[in-house]
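Report on the following structure.
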Amino acid sequence: MVSGKVISKEKQEIVDFATVYLKGTTYGCTTNEQGIYHLQAPAGKYTLVVSAVGYESVEKPVTLVRGERMKMNVVITPSVTELDEVVVVSNGVSRIKRSAFNAIAVDTKELQNTTKNLSDALTKAPGMKLRESGGVGSDMQLMLDGFSGKHVKVFIDGVPQEGVGSSFGLNNIPVNFADRIEVYKGVVPVGFGTDAIGGVINIVTNKKKRNWFLDASYSYGSFNTHKSYVNFGQTLKNGFTYEINAFQNYSDNDYHVNAPVEDFETGRIDKDKKVRVKRFNDTYHNEAIVGKIGLVDKTWADRLLLGFTYSHMYKEIQTGVRQEIVYGEKHRKGHSLMPSLEYGKRDLLTKGLDVVLTANYNKNETTNIDTASYKYNWYGERKLLNSPGEQSYQHSRADNDNWNGTFTLNYRLGKAHMFTFNNVLNAFHRSNTSLLAKEATQDAIAKETRKNIAGLSYRLMPSEHWNLSVFAKNYDLYVAGPMATTSNQSEYIRTTRSLNSMGYGAAGTYFILPGLQAKLSYEKAYRLPTIEEMFGDEDLEMGDIGIKPESSDNLNFNLSYTKAFGKHSAYVEGGLIYRNTKDYIQRNIADLSGGKYAATYINYGKVLTKGYNLSARYGFGNWFSIGGNFTKMDARDNMKTSISSNAENLAYKERMPNLPYMFADSDVTFYWRNLWKKGNTLVVSYDNQYLHSFTYYSSRIGANKGDYVVPNQFSHNLSLSYGLKNGRYNVSFECRNFTDEKLYDNFSLQKAGRAFYGKVRVYFGN
């Protein structure tokens, strides 16, 4: 047995209802009203983790000896930057335990020796599907419980990431960047101040106070892929702290695909005849550096940090939205500058009043270049065009200015009551400049949005066995920009519009038995149109300034059970999802002149989503872990009549097109600890992903047409890593898609086949 007292560092007060557990197991308890805990477990070496709402988690090594009782007091530091509840970690994926919201956490620590990025790590979460249009740096969407892309909002430490640029897409950020990733499915806490109706992904970085540290890695692999990462920082005794994060990705992306080839003599593309060809205009690289400097643990501020982020991106564009279209010179480049401010204080002015304030300004410049005088096919052959421009003749620069501010106020009244107020203000401005002529020409009408979301919630937690939250949100949106007045879109006028909506909801959780937890949540939610949906991306995406917000009734029910017996630990959960969405925003493919395509957005109407996901995981001590997820999610067309006429809608009750509806994944990991030498560990992991066939278009149209169907896919990955001196030096090797499966996510765009990667990593710190 180990027992002791948990104390707050700032005021030397006891911390009641803190969670104490042994990492990697399900042995745990909570402190009583005197801040005292008692924890029993089999003899052995463990890591003791102590965490509480509003405090930084603390980890301490502990050795339990059979028949002996030891005492260990723990001091924890207040923190108001984390929006999460207490996290109980078990084999990489865990529940956010006290939260009434349907939420999980993905622990990234075991993945930090791999070449995975944050989006790869998220595939371990139930109901999560990653959709990419190609290789490194390609367009990416995350699908969560039947909702994808813009329905799911991304945050870093509670700060929204809308408009930060593609360099900070989840498929470009290395997994080492995050300490863990929180996934809130469907209904989300007011503290995020978001308009998501599908869920929230919150990337939580390591904020533990460390004297100094250095984490550096480099990887190389197939298709001339290079990735590197370095993170170092220091906190002095006087509270002065600094941290530098830098990473880069580079790849030629010259993998083979099976595609129809255009015959330049006849101008025909035989879609039934596909040839194995190599991609040749798909190089991507990005570089980013994030610096922070400031003070921590002061009487007037727990955290006051100034930050600065710079990122650069270069992307060659191989195809349009369909793979038969090939580009040989079209490309895009851009950079982003972002200063930021973070302030947090616990018990501001009075006990129980916590405040967090963040602000940032993002200056993003993106240039699209499509000036080639030739058209290309998949053999790399080229033919002179009648007029320049492979897709649309352009050399244009989009200057995007994005301002963002968040303010969160928490007030704890006694032990059972908490009030939260959150306000997020976002302002966006885009001006376009044509660089085709000798003198640059700027569009006369800029594109602007202002978005403000305010929320208020109350949480009642009278005991550890149950709690209840109720909340309300107010959504404000202002939009201004050009609207075409002619059918050929040659003349525009400036148009504006404003809208206001109110949302509300409730969430509750109850422990039926020890380890058996039920969660139920409901929200009347709104999702405001994104910048891309209203204004496009000035290239392959066409926006609609008049598009309406989505409204949705969201209902979630979840049941989970955790059990430990000896060295064995088991975890199983199941969730039911219901979404009734109106003015559903759908991304379609539009035919342009000359056999070209672009993406458009429309308010489709009504969509009804029902489904479930299952997850199970088993662990044996610190030696073995196995688990998996299964998701079935039907998003059905709920419009009886066509959106363009009063005629009968032939797709009524059919599945929505281009949405995977059934998929699964599993993984198994073996650990050989103290192999060859004490402190050295060998880890071997295998994982797979299964995707059931689905259609690009309505199933009534595409069910029997091969070109309209994504086939069943089952891919397999294998990784091996060896760490020396308790993780100070690490080397790893990976083989992805080792059966060389043909993989597709979006229309006919094929992803990479079999690929190999190696990585070296060093970590120093205390």
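Source: prediction; values computed, not measured.
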Are [X] and [Y] side-chain neighbours, meaning at least one heavy-atom pair lies under 4.5 Å?
X	Y	answer
F663	Q713	no
K129	M633	no
K185	N613	yes
L122	L130	no
I626	R617	no
Y578	L608	yes
M72	K5	no
L614	Y612	yes

Return the minimal non-hydrogen interatomic distance between [X] and [Y], and the atom names on each side.
X	Y	result
A506	V470	CB-CG1, 4.0 Å
E573	N558	OE1-ND2, 2.8 Å
V175	A121	CG2-CB, 4.0 Å
V2	V62	CG2-CG2, 4.4 Å
A454	N423	CB-OD1, 3.3 Å
Y475	G503	CE1-N, 3.8 Å

Taking [Y]'s backbone N and O only, do any of them form a donor-acceptor pair with [X]'s side chain (distance below 3.5 Å, no angle check)?
X	Y	result
N580	D553	no
N113	S732	no
S615	N629	no
D157	T205	yes
N712	S693	yes
D745	E132	yes
N117	S119	yes

Might you work through the side chain to side chain contact (heavy atoms under 4.5 Å, CB included) test for L64 and Y46, ending with a clear yes or no? CA-CA 8 Å; L64 300 184; Y46 300 94; 4.0 Å; yes
Heavy atoms of other groups near F714 CZ, more than 12 under 6.0 Å: yes
What about [X] and [Y], are their ring centers closer than 6.0 Å?
X	Y	answer
Y184	F192	yes
F419	H417	no
Y661	H692	yes
F511	H465	no

Ring-plane angle category for F624 and F670, please: parallel below 30°, perpendicular beyond 60°, tilted otherwise.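 F624 and F670: tilted rings.
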Please step through side chain to side chain contact (heavy atoms under 4.5 Å, CB included) for the pair F421 and T408, ending with a clear verdict. CA-CA 6 Å; F421 172 77; T408 304; over 6 Å; no
Chi angles and distances behind the side chain to side chain contact (heavy atoms under 4.5 Å, CB included) call for V74, I7: CA-CA 6 Å; V74 181; I7 304 169; over 6 Å; no
May I ask you to check whether [X] and [Y] show a side-chain donor-acceptor distance below 3.5 Å?
X	Y	value
N556	E523	no
S457	S469	no
R527	S551	no
Y686	N688	yes

Checking salt bridge (Lys or Arg N to Asp or Glu O under 4.0 Å) for the pair D637/R655: CA distance, chi angles, key distance, verdict? CA-CA 6 Å; D637 190 329; R655 289 193 182 94; over 6 Å; no
What's the verdict on salt bridge (Lys or Arg N to Asp or Glu O under 4.0 Å) for R736 and D687, showing C-alpha distance, side-chain angles and the deciding distance? CA-CA 10 Å; R736 298 193 184 182; D687 66 89; over 6 Å; no
Should S719 and T114 be marked as a side-chain hydrogen bond (donor to acceptor under 3.5 Å, both in side chains) after you check the CA-CA gap, both sets of side-chain angles, and the distance that decides it? CA-CA 8 Å; S719 68; T114 71; over 6 Å; no
Can you tell me how far apart [atom1] ([X]) and [atom2] ([Y]) are? Round to the nearest 0.5 Å.
X	Y	atom1	atom2	result
Q112	N176	CD	CG	4.5 Å
S3	L39	OG	CG	9.5 Å
R673	L682	CZ	CG	11.0 Å
D120	T108	CG	OG1	12.5 Å
S715	D665	OG	CG	10.0 Å
S552	K524	OG	NZ	7.5 Å

Verdict with reasoning, K116 to E734, per salt bridge (Lys or Arg N to Asp or Glu O under 4.0 Å): CA-CA 10 Å; K116 293 182 183 292; E734 298 174 53; 5.2 Å; no
Residues D354 and R346 bridged, charged N to O under 4.0 Å: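 Salt bridge: yes.
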Candidate pair R66 and E68, rule salt bridge (Lys or Arg N to Asp or Glu O under 4.0 Å), full reasoning: CA-CA 6 Å; R66 184 177 180 86; E68 292 187 11; over 6 Å; no
Partners meeting side-chain contact (heavy atoms from CB on, under 4.5 Å) with D179 (sequence neighbours left out):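 So D179 forms a side-chain contact (heavy atoms from CB on, under 4.5 Å) with K109, N206.
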Applying side chain to side chain contact (heavy atoms under 4.5 Å, CB included), run through K473 and V190 and close with a yes or a no. CA-CA 8 Å; K473 295 179 182 180; V190 158; 4.2 Å; yes
Using the side-chain contact (heavy atoms from CB on, under 4.5 Å) rule, pick out the option among L170, I201, L111 that qualifies with L118.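 One option only clears the test, and that one is L170.
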